[in-house]
Novice: 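My structure is below; once you've seen it, I'll send some questions.
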Protein chains: 2
Amino acid sequence: MISERQLRILEAIISDFIDTAQPVGSRTISKKYPLGVSSATIRNEMADLEELGYLEQPHTSSGRVPSDLGYRLYVDSLVNIHSIGIDEKEIIQSMLRNRIIEASDLAKQAAKLLSEFTNLVAIVTIPKFNKCKLANLKLIKVSDTRVLLILVTDTGIVKNIQLAMSYTDQFILDKVSDTMLSFLSGETIENIDVRSILKLKDKLQNLGTFVDYLIPILKDALKSLNGTEQYAEGLSHILFIQEFADSEKAKVIFDFLRDAKNLEIFLDEVSADQLSIKIGSEIGIDSLDACSIISSTYKVDGKSDGKIIVLGPKRMDYGNVVSIVNYISNTLSDVFSGINL
Amino acid sequence: MISERQLRILEAIISDFIDTAQPVGSRTISKKYPLGVSSATIRNEMADLEELGYLEQPHTSSGRVPSDLGYRLYVDSLVNIHSIGIDEKEIIQSMLRNRIIEASDLAKQAAKLLSEFTNLVAIVTIPKFNKCKLANLKLIKVSDTRVLLILVTDTGIVKNIQLAMSYTDQFILDKVSDTMLSFLSGETIENIDVRSILKLKDKLQNLGTFVDYLIPILKDALKSLNGTEQYAEGLSHILFIQEFADSEKAKVIFDFLRDAKNLEIFLDEVSADQLSIKIGSEIGIDSLDACSIISSTYKVDGKSDGKIIVLGPKRMDYGNVVSIVNYISNTLSDVFSGINL
DNA sequence: GTTAGCACTCATATCTATCGAGTGCTAATT
DNA sequence: AATTAGCACTCGATAGATATGAGTGCTAAC
């Protein structure tokens with residue numbers, strides 16, 4: 001078992017390492033932190049902490065560096081998660097509320113904020129749109145061959161879908177969209193299946209051929225709502241992180257994040273817990289062994305959910321990042337759920 | 001004056017340097033390129049080319065490197081601009097046509113294509129929307145406090161603008177937007193000023209108070225169409241360019257490109273010619289001394305214009321990049337002008 | 001005008017010596 | 001029994017010293 005003193009020494013070592021990025025020695029600790037013991041004592045404790053697996057030594061005769069296990073202990077019991085400042089809160093609120101209504105813009109903006117506040121890489125996904133309830137709907141003629149389908153959820157999120165149609169007349173489109181809205185309003189989008197679209201035909205018997213033409217197109221369009229969209233911001237921050245200054249290391253991470261397929265696996269991997277922290281090897285992806293991930297999920301009306309991920313070096317300010325992730329996650333939940341004050 | 005042989009030697013040197021990124025020596029040239037003269041002769045010519053300012057020597061006793069002037073000569077008279085392949089053309093066509101209709105998505109997609117085909121950084125701006133003619137218009141209720149104004153140009157470009165309104169009823173919104181469309185259709189968007197909006201009041205006298213309320217909101221919204229939007233893609237390519245492998249150099253460029261203000265100056269700086277190539281110091285921006293810029297403008301119906309920029313190391317495949325920029329620029333012109341086949 | 005030959009230059013790579021931060025262990029101290 | 005002072009030892013980092021070799025400029029011969 002680990003003693004109280006060992007715990008305090010471990011905390012000091014990790015804090016110092018997070019500050020300096022240098023392996024920390026016993027003398028540094030005894031001088032910088034008021035533990036009331038000499039460097040020799042600390043040296044002995046450090047040897048024990050290494051044996052317990054909390055510390056590592058890059059090579060004999062250098063200082064110690066936290067192991068993944070060490071970080072884990074630090075994160076679980078030592079880090080204190082203060083709430084973020086009032087200023088930050090105000091900026092986040094003003095950037096995410098009352099400005100944006102298109103779901104993808106909202107996710108993008110959230111990712112941008114996350115990456116700016118943490119100076120790390122941020123990824124935000126959009127909750128699957130099809131669990132939301134339909135509140136408004138319009139078909140808009142864009143050209144002779146194209147129509148825009150605009151869906152609005154009861155939570156005030158807008159989604160644009162393009163339809164390719166060779167038969168477009170705004171007057172008819174208005175009629176069709178009004179009718180559709182009249183019996184689809186309030187329905188969740190995933191429930192808008194072919195059967196419910198077929199009702200269109202009953203209601204608009206005088207437009208039979210047009211409706212026949214429209215139905216398969218609508219079917220396709222609704223299918224496209226099933227994909228998960230993800231937005232990454234702040235990739236370039238990787239460059240500015242000491243750990244990855246050697247551009248070879250940065251490349252490995254870039255290459256990983258660039259491949260959307262990787263990202264998808266990665267997003268599934270990231271647990272669905274309210275908030276999760278994964279450190280180095282815990283992520284289970286070789287190219288990210290030098291990284292930590294802080295992720296959270298946000299809910300829309302308690303149902304469908306989107307994901308928020310911050311990726312950075314293991315040596316990050318966990319307390320700060322966690323508080324930012326939490327705050328943005330909650331704000332997104334509110335915004336997507338339509339709670340606007 | 002420069003001799004024919006010097007020209008051929010210069011061409012060989014620059015080609016080789018573009019391939020290898022290494023200062024090239026006289027022996028390399030005499031062996032790799034069938035010029036029919038010995039290394040000693042080439043050595044003499046190289047000394048002359050250096051005196052003329054076309055080559056530079058990083059240090060005595062290393063090979064030669066092209067100077068900005070050398071690149072300029074190369075670009076002006078040596079590089080051959082082949083057209084891009086049929087496959088590339090097909091991809092570009094399929095990605096830019098019949099899929100996207102929102103102006104910003106289009107620009108984003110174009111920038112993505114550019115950066116993928118060139119492996120360089122690409123920036124695309126949207127032509128000022130306000131020179132286009134209005135073809136369709138809708139006001140859509142999104143929530144109790146928000147309305148979406150959707151504008152469609154005669155060229156099939158869509159623009160969403162959000163309005164904050166505390167008085168929203170879809171029935172009234174429909175009436176207002178129909179009326180607006182009836183007398184604004186065909187008008188260029190910059191001509192839709194307050195005066196023309198005021199006509200609304202005449203036509204919708206029974207909705208007087210609502211129109212009074214709406215007018216200042218619309219005014220603000222239309223003002224927001226004046227800004228130039230720009231989309232950059234492929235920033236991370238900087239990392240993979242040998243010249244900037246030293247991450248300090250990459251940072252300088254990143255920092256420059258990250259600042260939107262810089263980018264604006266930069267976009268103005270970039271000439272309005274059909275196609276322009278600027279090499280190193282010709283750009284006139286210290287942080288980009290090691291870069292070249294290939295830029296082009298595309299027109300919408302011959303009037304308002306957007307910009308396309310590719311930024312990379314001076315040592316780039318000019319012929320290839322120019323052909324890609326040209327092709328995407330022309331395609332964008334067509335798409336924004338509504339020529340869809 | 002061209003080329004072979006050679007001395008010279010200088011960035012890069014390799015080796016060596018030194019330095020010093022930090023350790024582990026032992027013996028003295030509390 | 002726990003703590004600490006002291007000291008020999010380790011090993012990466014840094015600085016010089018030396019070697020390498022690609023490439024040049026110049027001269028003299030062809």
Side-chain angles (χ1 to χ4, degrees), chain A residues 1-10 12-14 16-17 19-67 70 242-243 245-246, chain B residues 1-10 12-17 19-67 70 242-243 245-246 249:
Chain A
M1 214 11 233
I2 194 169
S3 74
E4 178 57 30
R5 188 171 70 186
Q6 285 175 324
L7 210 61
R8 266 181 294 135
I9 291 174
L10 184 64
I13 293 170
I14 299 186
D16 206 79
F17 183 71
D19 275 3
T20 65
Q22 296 301 318
V24 1
S26 55
R27 203 146 167 281
T28 316
I29 295 298
S30 76
K31 272 165 96 181
K32 276 218 252 181
Y33 298 82
L35 293 166
V37 287
S38 77
S39 68
T41 308
I42 291 172
R43 217 148 41 234
N44 292 329
E45 296 286 34
M46 280 162 90
D48 291 352
L49 283 168
E50 184 175 0
E51 210 171 344
L52 289 165
Y54 296 113
L55 293 177
E56 277 165 7
Q57 222 171 355
H59 54 87
T60 346
S61 90
S62 85
R64 299 306 205 294
V65 156
S67 69
Q242 272 194 50
E243 271 82 345
D246 161 16
Chain B
M1 216 11 234
I2 195 169
S3 75
E4 178 57 30
R5 188 170 70 186
Q6 285 176 326
L7 209 61
R8 266 181 295 135
I9 291 174
L10 184 63
I13 292 170
I14 298 185
S15 301
D16 205 80
F17 184 70
D19 275 4
T20 65
Q22 294 302 318
V24 0
S26 55
R27 204 149 165 280
T28 316
I29 294 299
S30 75
K31 272 166 96 180
K32 275 217 253 182
Y33 299 83
L35 291 166
V37 287
S38 78
S39 68
T41 308
I42 291 171
R43 215 142 50 229
N44 292 329
E45 296 285 36
M46 280 163 89
D48 291 351
L49 283 168
E50 184 175 2
E51 212 171 343
L52 288 165
Y54 296 112
L55 294 177
E56 277 165 6
Q57 221 173 356
H59 54 88
T60 345
S61 92
S62 86
R64 299 305 206 294
V65 156
S67 68
Q242 272 195 49
E243 272 82 346
D246 160 17
K249 287 177 192 156

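Heavy atoms only: backbone and side chains are in, while hydrogens, waters and symmetry mates are out. Proteins get letters first, then strands, A, B, ... in listed order; numbering begins at 1 in each.
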Novice: Over how many whole Å does the gap from Arg27(B) atom CZ to dG23(D) atom P extend?
Specialist: 8 Å
Novice: Kindly indicate whether the side chain of Arg43(B) and the base of dG5(C) share any N or O donor-acceptor pair separated by less than 3.5 Å?
Specialist: yes
Novice: Toward the 5' end of DNA chain C, which comes first, Thr60(B) or Ala40(B), by nearest nucleotide?
Specialist: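 Taking each residue's closest nucleotide, the earlier one in sequence belongs to Ala40(B).
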Novice: Round to the nearest Å and state the distance from Gln22(B) atom CD to dC10(C) atom P.
Specialist: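 Gln22(B) atom CD is separated from dC10(C) atom P by 19 Å.
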Novice: Taking the minimum atom-to-atom distance to the side chain of Met46(A), which one of dG12(D), dG24(C), dT23(C) wins?
Specialist: dT23(C)
Novice: Distance criterion of 3.5 Å, no angle test: do you see the side chain of Ser61(B) paired donor-to-acceptor with the base of dT9(C)?
Specialist: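 By the distance-only test, yes, there is a pair.
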Novice: Would you kindly compare Glu45(B) and Asn44(A) by the position of their nearest DNA chain C nucleotide and give the one closer to the 5′ end?
Specialist: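 On the 5' side of the pair lies Glu45(B).
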Novice: Base, sugar-phosphate alone, or nothing: which one does Ser26(B) contact when heavy atoms must sit under 4.0 Å apart?
Specialist: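 Sugar-phosphate: the residue Ser26(B), judged by heavy atoms under 4.0 Å, touches backbone atoms but no base.
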Novice: Taking atom P of dA21(C) as reference, at what distance in whole Å does atom CZ of Phe17(A) sit?
Specialist: 19 Å
Novice: Taking Ser38(B)'s backbone N and O only, do any of them form a donor-acceptor pair with Ser30(B)'s side chain (distance below 3.5 Å, no angle check)?
Specialist: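 No, Ser30(B) side chain to Ser38(B) backbone: no donor-acceptor pair under 3.5 Å.
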Novice: Calculate the interatomic distance between Ile42(B) atom CD1 and dA22(D) atom P; express it in whole Å.
Specialist: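 It is 17 Å, rounded to the nearest whole Å.
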Novice: To the nearest angstrom, how far is Glu56(B) atom CD from dT24(D) atom P?
Specialist: 15 Å
Novice: Taking the side chain of Gln57(A) as its heavy atoms from C-beta onward, which of dG24(C), dG23(D), dA4(C) lies nearest to it?
Specialist: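 Nearest listed nucleotide: dG24(C).
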Novice: Mind running side chain to side chain contact (heavy atoms under 4.5 Å, CB included) on Leu49(B) and Ile2(B) for me, showing each step along the way?
Specialist: CA-CA 8 Å; Leu49(B) 283 168; Ile2(B) 195 169; 3.7 Å; yes
Novice: Strictly below 4.0 Å: does Arg64(B) bring a side-chain N or O up to OP1 or OP2 of dG25(D)?
Specialist: yes
Novice: Closer than 4.0 angstrom, basic N to acidic O: yes or no for Arg64(B) and Glu56(B)?
Specialist: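 No, no charged N to carboxylate O under 4.0 Å.
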Novice: To the nearest angstrom, how far is Arg5(B) atom CZ from dG1(C) atom P?
Specialist: 10 Å
Novice: Report yes if at least one side-chain N or O of Thr41(A) is closer than 4.0 Å to OP1 or OP2 of dT4(D); otherwise report no.
Specialist: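 For dT4(D), OP1 or OP2 has a side-chain N or O of Thr41(A) closer than 4.0 Å.
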Novice: Can you measure Gln6(A) atom CD to dT3(D) atom C1' for me and round it to whole angstrom units?
Specialist: 15 Å
Novice: Please report, rounded to the nearest Å, how far the P atom of dG24(C) is from the CG atom of Leu49(A).
Specialist: 12 Å
Novice: With a 4.5 Å cut-off on side-chain heavy atoms, are Ile29(A) and Ser39(A) touching?
Specialist: no
Novice: Any Lys/Arg nitrogen of Arg5(A) or Glu45(A) sitting under 4.0 Å from an Asp/Glu carboxylate oxygen of the other?
Specialist: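 A salt bridge links Arg5(A) with Glu45(A).
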